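Note that the coordinates shown come from a computational prediction; the quantities given were computed from them, not determined experimentally.
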Amino acid sequence: MWRGGWPRPSGWRSCWRRACHPAAGPPRSWSRGPADCCSAWDYRPEILSYPDAARAYEALARGAGLLTPSLDHYALLLSAVQELRTGSGMVHDWGPGRRQAVLALLTAVLDRPEWQAVPDRDGDDPGVRWRAGWARRARAQALYAPDASRARAEGDDTWAWPARRVARLITAGLRARPDLLTRWGLRLGWSGTDFREPDETVLSLLYDAEDGIPQQFLWRLPEDGTPPRGRAAAALHRLATVDPRTA
């Protein structure tokens with residue numbers, strides 16, 4: 001039995017299909033399709049397996065201008081821009097010019113004065129302040145960096161939220177040393193941050209039960225004040241010596 005937070009493949013297909021077809025509802029609802037398909041923990045293999053992803057992004061871009069400027073909608077559109085520039089959104093079967101056209105539409109919406117003001121509105125809720133801070137940091141890298149600077153920045157994750165940077169560094173370390181997981185009969189499902197505790201790094205570690213059914217163990221790494229590289233190095237060292245399920 002799957003234990004965790006991502007939709008099954010049928011769920012991915014359904015929600016992306018809703019985003020591809022405006023007839024499924026007014027723009028405010030159907031343009032949320034790509035966000036509905038994205039797990040809080042960024043489980044990329046599912047999204048990459050859906051052949052209509054490019055059309056879903058196009059549908060999102062067409063309806064973006066009709067959305068109400070809000071922090072939720074700003075995060076949705078900015079995340080889409082990031083994915084299309086440097087993430088999994090780049091690798092879909094776009095064809096000549098299509099991805100660039102979607103980026104142009106989304107960027108034009110986020111450049112409107114009423115949208116530019118959204119991340120600067122801090123609230124009393126800690127979650128709102130965290131998301132607004134993320135939006136302010138991310139928009140400079142995603143929207144306003146000159147082309148030459150952006151090319152250099154695409155491989156730089158120092159702008160990212162610390163817990164997410166830890167997740168990326170651990171993932172890179174596991175790619176270089178897959179034996180850190182295979183020695184315990186584990187494999188990496190996804191890595192990211194906890195939706196409710198954004199300072200906590202979470203890794204989905206998959207393994208097969210005795211009956212052969214895949215199981216999931218969520219390995220949580222709370223914030224401890226250590227810089228991201230130090231936290232990632234400590235996590236990789238632990239994997240070299242201890243099965244995380246028993247630690």
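Between Leu78 atom CG and Glu83 atom CD the span is 11.0 Å, to the nearest 0.5 Å. Of the inter-residue distances, the one linking Leu174 atom CG with Leu181 atom CG reads 4.5 Å to the nearest 0.5 angstrom. Considering OG1 of Thr193 and CZ of Arg164, their distance stands at 4.5 Å, rounded to 0.5 Å. For the atom pair CD1 of Ile170 and CZ of Arg231, the computed distance is 8.0 Å after rounding to the nearest 0.5 Å. With rounding to the nearest 0.5 Å, the separation of NE2 in His73 from CG in Leu67 is 5.0 Å. Between the CZ atom of Arg85 and the OG1 atom of Thr107 there is a distance of 5.0 Å, given to the nearest 0.5 Å.
Counting all heavy atoms, side chain and backbone alike, Leu106 lies closest to Ala64 at CD2-CB, 4.0 Å. Listed here is the closest heavy atom pair of Thr201 and Ala163: OG1-O, 2.9 Å. Here the closest heavy-atom approach between residue Pro119 and residue Ala132 is recorded as O-CB, 3.5 Å.
A donor-acceptor pair under 3.5 Å is absent between the side-chain atoms of Trp184 and the main chain of Tyr207, judged by distance alone. In this structure, Arg238 contributes its side chain and Pro244 its backbone to no donor-acceptor pair below 3.5 Å. In this structure a side-chain-to-backbone donor-acceptor pair under 3.5 Å is missing from Ser191 to Leu203. A donor-acceptor contact shorter than 3.5 Å is absent between the side chain of Arg139 and the backbone of Leu110. Formation of a donor-acceptor pair under 3.5 Å by the Gln116 side chain with backbone atoms of Asp111 is found in this model.
Not a single side chain to side chain contact (heavy atoms under 4.5 Å, CB included) links Ala176 to another residue, sequence neighbours left out. Residues satisfying the side chain to side chain contact (heavy atoms under 4.5 Å, CB included) criterion with Gln100, sequence neighbours excluded, are absent altogether. Partners of Asp224 according to the side chain to side chain donor-acceptor pair (under 3.5 Å) rule, which considers only residues two or more places apart in sequence or in another chain, are Thr226.
When the side chains of ILVMFWY residues are joined at heavy-atom separations under 4.5 Å, either directly or via intervening members, Leu60 and Leu105 end up in two distinct hydrophobic clusters.
Taking 4.0 Å as the cut-off between side-chain N and carboxylate O, Arg187 and Asp208 count as a salt-bridged pair.
In this structure the side chain of Trp134 never reaches within 4.5 angstrom of the side chain of Arg131, judged on heavy atoms. Within the 4.5 Å cutoff, the side chain of Arg183 has no heavy atoms near those of the Leu239 side chain.
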Practice prompt. For side chain to side chain contact (heavy atoms under 4.5 Å, CB included), just list the numbers for Leu206 and Leu186, CA-CA rounded to whole Å, side-chain angles, deciding distance to a tenth of an Å, and then say yes or no.
Written response: CA-CA 6 Å; Leu206 307 179; Leu186 299 169; over 6 Å; no
